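Counting convention: from 1, in listed order, for ligands and their atoms alike. Since the model is a prediction, treat every value here as computed from it, not as a measurement.
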Amino acid sequence: MTIKIGWIGCGIHATQMLLPQLVRHDVEIVALCDIDPKRLKDAGRQFGVTRLTTDAQELLSTPGIDAVGMAVGPDQHLAFGKAALERGLSVFMEKPPSGSAAGARELLAASEKAKKPLLLGFMKRYSIGNRMASNIVKSGRFGDVLGLTGYYMTAPGYFTGNVDYTGFFLHHCVHYMDLVSFMVSPVRSISAKKVEKTPGRVLFHVGFEFECGAIGNIAMGTIQSRGTPVERLELMGDHQRIEVDDVIEIRWHRNPPFKIDDLGATLDEAADTLTWKPNFTAAANEDPKGYHALLSDVVPALMGKTTPAPSIADGVVAMERLETLRKELAL
Ligand SMILES: NC(=O)c1ccc[n+]([C@@H]2O[C@H](COP(=O)([O-])OP(=O)(O)OC[C@H]3O[C@@H](n4cnc5c(N)ncnc54)[C@H](O)[C@@H]3O)[C@@H](O)[C@H]2O)c1
């Protein structure tokens, strides 16, 4: 059954990433909202939507909609998310689910009270390299995960004239506060150390102890160009490790023998390294970052089906970790 959706926020992320992938699913975008009239008009043309409003409350009262999607900002996610749930609408929102853990808890309570789902845009779980790594671990072929290392970097440009890392935490770090548990297990404790020699340019290392006994360390910061690949993850097991570069390149190292002294050496399906990266020349399946895949779980969940789509309960966990991290760093 086609799901009827009202959408709030026609910014860059919505119009370039989310809506183009959303309309590949069985949905009808019935109405759009943005306070910027030009963005609103452009999005209406791009997605063939004629019911346009600059007022989010009006969008929420659009007759016949089943659900609301939004990609706006932390405070609007809290306000519009609660208002939508109070109206009995299912909700999909981009991260962050409000600007604080308390706000995320309010959204969880509103979702429980309305008995309507609130799904979140934690698409790093669906980025293809991360997904494959997680699937390998879940298959049991990797054995126990003993360690997680990685980095998530961005550029200092966002902070010009405003050395407030709030945006970096809420819009970037929050992804990994969710992802680490998807890759390993729930987190038992978080510790962190930072270096900040120039205002706005911070590097910190976050240490995780996981409930499964694994340890982890993620470097995060604002000191790399976004013109370079800025994400990397490595899962360490016993005589196995999986490396994911830039969310799309994956290598699964296992336990091969030395090759040099063996003139009969070959590549062994059971022991040598398996690698994969996407074929970007194929004019299909072009969403390795995972928005389409995420929405494959989100759309049925909006209609009441149980799917693994990240929910506001996951959002509360991620936001609470984020606040622990900020306290540790005094940032
Ligand atoms: N998961 C991801 O990979 C990812 C990537 C980028 C952005 N995001 C998230 O998506 C959200 C939007 O980011 P963006 O980069 O598109 O920002 P943006 O500023 O380009 O878009 C936000 C839009 O919301 C509109 N808006 C602001 N207040 C409004 C209101 N009260 N009512 C209606 N519209 C309003 C703005 O006019 C703007 O067009 C953020 O929460 C961000 O964290 C997620």
Side-chain angles (χ1 to χ4, degrees), residues 6-22 29 31-47 49 51-62 68-84 91-100 103-104 107 118-131 152-155 157-158 165-179 182 226 229-231 246-248 287-295 297-298 309-310 312 314-315 318-319 322:
W7 188 274
I8 310 173
C10 303
I12 294 170
H13 185 55
T15 58
Q16 297 187 7
M17 295 287 133
L18 292 171
L19 294 173
Q21 297 300 340
L22 182 62
I29 301 173
L32 292 171
C33 170
D34 199 295
I35 49 172
D36 179 328
K38 175 156 183 350
R39 284 188 162 184
L40 183 60
K41 186 164 164 265
D42 287 349
R45 176 192 50 74
Q46 192 181 348
F47 299 101
V49 181
R51 195 175 181 118
L52 307 176
T53 174
T54 53
D55 176 2
Q57 296 305 328
E58 188 183 320
L59 181 292
L60 295 179
S61 54
T62 307
V68 171
M70 62 189 78
V72 195
D75 296 342
Q76 296 89 343
H77 290 167
L78 175 59
F80 302 158
K82 279 194 335 191
V91 178
F92 166 74
M93 69 174 56
E94 254 308 340
K95 37 52 66 162
S98 91
S100 66
L107 285 167
L118 167 44
L119 295 323
L120 290 183
F122 284 144
M123 89 302 175
K124 298 289 176 195
R125 298 182 183 196
Y126 293 82
S127 306
I128 188 62
N130 298 344
R131 191 78 189 181
Y152 183 118
M153 305 299 295
T154 188
Y158 285 27
Y165 295 113
T166 301
F168 175 56
F169 283 103
L170 289 178
H171 296 282
H172 291 277
C173 303
V174 69
H175 273 304
Y176 270 42
M177 295 302 112
D178 176 69
L179 185 67
F182 181 73
R226 285 184 69 75
V230 284
E231 283 184 54
D246 202 20
V247 309
I248 49 160
D287 183 36
K289 290 180 229 176
Y291 299 108
H292 182 262
L294 165 73
L295 292 166
D297 278 344
V298 165
I312 185 60
D314 302 308
M319 293 298 290
L322 201 63

* Asked: So, does H77 use its side chain to make a donor-acceptor pair with the main chain of P96 at under 3.5 Å?
  -> yes

* To do: Examine distances only and state if a side-chain atom of R125 and a backbone atom of R131 form a donor-acceptor pair shorter than 3.5 Å.
  => no

* Asked: What residues form a side chain to side chain donor-acceptor pair (under 3.5 Å) with K95, not counting sequence neighbours?
  -> none

* **Any Y126 side-chain heavy atom under 4.5 Å of F182 side chain** => no

* Asked: Measuring from each atom of ligand 1, which residues have a heavy atom under 4.0 Å away?
  -> I8, G9, C10, G11, I12, H13, C33, D34, I35, D36, R39, A71, V72, G73, Q76, H77, F80, E94, K95, P96, G121, M123, H171, H175, Y291

* Side-chain contact, heavy-atom cut-off 4.5 Å: T154 with H171? -> no

* Structure fact -> Checking L119, I312, L107 against M93 for side-chain contact (heavy atoms from CB on, under 4.5 Å), the one that qualifies is L107

